Every structure is written in C-alpha cells, then in structure tokens.
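Single-structure report; data block below.
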Amino acid sequence: MLVVIDNFLDTNSDLYREITEDDYWGKFKSFHGWLERDATPDDIWGVLSNRIWKFGSQLLPSEFEGIEYWGGEIHPGECLDWHNDDDQSLYDKTGESSFPEIGSIYYAHKTPISEGFLEIQREYDDVFNIGGMERIQPVPNRLVIFDSKVFHRVSPVVQGVRRHFTTNIWLKKPDEDNFKSERY
C-alpha cells in the first residue's frame, strides 16, 4: 500500500509556516514522541499527527492505541540504511518482533533537495537481495503513507537538507524505552 499526496498542508496556514520554519528545526537534532488515540495534542507534532491521520482515517485499523511520531534532518552525504519500523526496545530485550500497522512521512523542507529518496522494498529473495522497489522523491509539503513494516531506506542526500516528520500507528504502544532521549 502506498499513497502519495502533494501539497498536503495549506502553505498559508500557521501549521505549515511553523512546521517548515528554519529556526524551529534548529532548536533540536531530532525528537520522538507518543500521542494516545483520543488525546488532545499539546504540541505542533501532535497536531500534525492528528492532521495526517484525519486525512488517512479510512486506512486506520478500527482499534489502535496511539501514534508514535519522530522527525529529524538528513544532510548532504547522509543516508538511512535498509530497515523496517519496529519496537526496537522490545526486540533488544526479548528477541520478539512487533510492528506498527501503518506509517507516514511528511517532508517539511521548503525548497527542493537533490536525491534523499524514500526507497521501499517491493521484492526480495531468501538472502535479502533487494529486487524491485518504489522510489519516492522528497518533495516539499508531500505526505507519503505506506506500510512501514516493509523494508525501506533513504538514499544519500546530495544537496539541501531533507526534513522529515514520521508517524506510525500502533495497536499496542511500543516499549517505553523506545522514547528515551538517548535512542535518538
């Protein structure tokens, strides 16, 4: 499943202006949080999470516990290796795998960047050779909804700074240790 929506936020809205503000992103290197299903957001990231999943409500499971969210920047020469989103702390402690139901990524940079594609695995063999994949360009103000438990990566950024805000929908909240600041 893959849904790509361009011009997701109204560029005249306060939310868009705040979410793309350079000074705002300069206040932190990355962040990671949790929003209970029916909670009222107390920050911009919770507001954006709710906006994304109000839009994608038809894709949500009937029951879920909440929304995990995080964000950050990827600079020229940086990339993100193949991975799937999971409860890493649970796996580290028990060897048990637990995955979100669905995920999203919103591109919060204002100007186009070179490369930094989201690449999503579509096929692989038993020795994990990646076959077909989807490549999605990180266009400013673009929202991508996809199955985040499928292996995906970010190709190296060549020019510009790739800002991303990511969410996952969980049936059961991931282990609390995932949200400790030293993990991000």
Side-chain angles (χ1 to χ4, degrees), residues 1-10 13-16 18-19 28 30-72 80-108 118-124 128 130 132-134 136 138-139 141-154 163-184:
M1 194 265 309
L2 179 65
V3 179
V4 178
I5 297 90
D6 286 332
N7 302 310
F8 178 67
L9 294 176
D10 176 354
S13 71
D14 290 340
L15 180 59
Y16 176 82
E18 191 170 353
I19 223 78
F28 51 85
S30 65
F31 56 91
H32 192 198
W34 176 260
L35 181 65
E36 294 290 329
R37 178 184 179 146
D38 295 320
T40 300
D42 60 0
D43 63 23
I44 191 171
W45 309 115
V47 170
L48 183 54
S49 296
N50 276 349
R51 178 79 52 92
I52 289 167
W53 291 109
K54 180 178 180 184
F55 174 83
S57 62
Q58 70 282 7
L59 303 171
L60 290 172
S62 58
E63 293 295 322
F64 65 95
E65 202 163 309
I67 305 169
E68 173 189 28
Y69 63 85
W70 70 96
L80 188 58
D81 235 350
W82 287 110
H83 68 284
N84 57 352
D85 295 353
D86 66 347
D87 184 337
Q88 187 63 52
S89 181
L90 177 68
Y91 183 80
D92 290 348
K93 291 176 181 177
T94 68
E96 179 184 340
S97 294
S98 178
F99 302 99
E101 289 299 302
I102 192 169
S104 74
I105 185 165
Y106 172 78
Y107 296 112
L118 171 63
E119 297 179 337
I120 304 171
Q121 166 201 312
R122 289 294 172 222
E123 302 170 9
Y124 64 94
F128 198 68
I130 302 298
M133 73 173 134
E134 298 282 344
I136 297 102
V139 173
N141 200 17
R142 174 176 274 176
L143 174 67
V144 180
I145 298 175
F146 69 107
D147 183 355
S148 57
K149 65 182 159 274
V150 170
F151 280 92
H152 55 281
R153 71 178 176 187
V154 176
R163 291 184 179 151
H164 56 275
F165 176 74
T166 310
T167 69
N168 278 325
I169 299 295
W170 288 87
L171 296 182
K172 181 179 177 225
K173 184 178 181 178
D175 186 284
E176 198 62 41
D177 285 346
N178 286 297
F179 302 96
K180 292 186 176 175
S181 62
E182 64 268 11
R183 290 189 69 93
Y184 287 83

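Heads up: numbering here begins at 1 and tracks the sequence. From a predicted model like this one, the values you see are computed outputs, not experimental measurements. FYI, side chains are in, hydrogens and waters are out, and symmetry mates aren't considered; it's all heavy atoms of this structure.
Atoms CZ and OH, on Phe165 and Tyr107 in that order, are 13.5 Å from each other to the nearest 0.5 Å. Taking CG of Leu2 as the reference point, atom CD1 of Ile136 lies at 4.5 Å (rounded to 0.5 Å). Atom OG of Ser98 is separated from atom CD of Gln88 by 11.5 Å, given to the nearest 0.5 angstrom. Distance check: Arg51 CZ to Thr167 OG1 gives 14.0 Å after rounding to the nearest 0.5 Å. Atom OH in Tyr106 sits 7.5 Å away from atom CD1 in Ile19 (nearest 0.5 Å). Separating the CZ atom in Phe64 from the CD atom in Glu101 is a distance of 10.5 Å, to the nearest 0.5 Å.
Contact record, Ser148 with Pro100: OG-CG, 3.4 Å, taken as the closest heavy-atom pair. Nearest heavy-atom pair across Trp82 and Gln121 is CZ3-N, 3.9 Å. Taking both residues in full, the closest heavy atoms of Ser97 and Tyr91 are given as OG-CD1, 3.8 Å, listed atom of the first, atom of the second, then distance. Nearest heavy-atom pair across Trp170 and Asp87 is CH2-N, 3.6 Å. Shortest non-hydrogen contact noted between Phe179 and Pro174 is CE1-O, 4.0 Å. Shortest non-hydrogen contact noted between Asp10 and Tyr16 is O-CB, 3.3 Å.
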Should Val154 and His164 be marked as a side chain to side chain contact (heavy atoms under 4.5 Å, CB included) after you check the CA-CA gap, both sets of side-chain angles, and the distance that decides it?
CA-CA 11 Å; Val154 176; His164 56 275; over 6 Å; no
How far apart are the C-alpha atoms of Asp147 and Ile120, what are their side-chain angles, what is the distance that settles it, and do they pass the side chain to side chain contact (heavy atoms under 4.5 Å, CB included) test?
CA-CA 9 Å; Asp147 183 355; Ile120 304 171; over 6 Å; no
Criterion side-chain hydrogen bond (donor to acceptor under 3.5 Å, both in side chains) on Ser89 and Asp175, from CA distance to verdict
CA-CA 6 Å; Ser89 181; Asp175 186 284; 3.1 Å; yes
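Judged as a side-chain contact (heavy atoms from CB on, under 4.5 Å), and not counting sequence neighbours, the contacts of Ile102 are Met1, Trp53, Leu59, Ile145, Ile169. Partners of Ile5 under the side-chain contact (heavy atoms from CB on, under 4.5 Å) rule, at least two apart in sequence or in another chain, are Val3, Phe8, Phe55, Leu143.
For the residue pair Glu68/His32, the side-chain donor-acceptor check at 3.5 Å is satisfied.
The backbone N or O of Phe151 sits nowhere less than 3.5 Å from a side-chain atom of Asn84 that would complete a donor-acceptor pair.
For the pair Glu134/Leu118, no side-chain contact is recorded, criterion being any heavy-atom separation below 4.5 Å from C-beta on. Residues Asp6 and Asn141 have side chains not in contact (no heavy-atom distance under 4.5 Å, counting atoms from C-beta outward).
Residue pairs meeting the salt bridge (charged side-chain N to carboxylate O under 4.0 Å, His left out) criterion with at least one member in residues 35-50, sequence neighbours excluded, are Arg37-Glu63.
The residue from Leu60, Asn50, Asn168 that alone fulfils the side-chain contact (heavy atoms from CB on, under 4.5 Å) condition with Ile67 is Asn50.
A salt bridge between Arg153 and Asp81 is absent, with no side-chain N of the basic residue lying under 4.0 Å from a carboxylate O of the acidic one.
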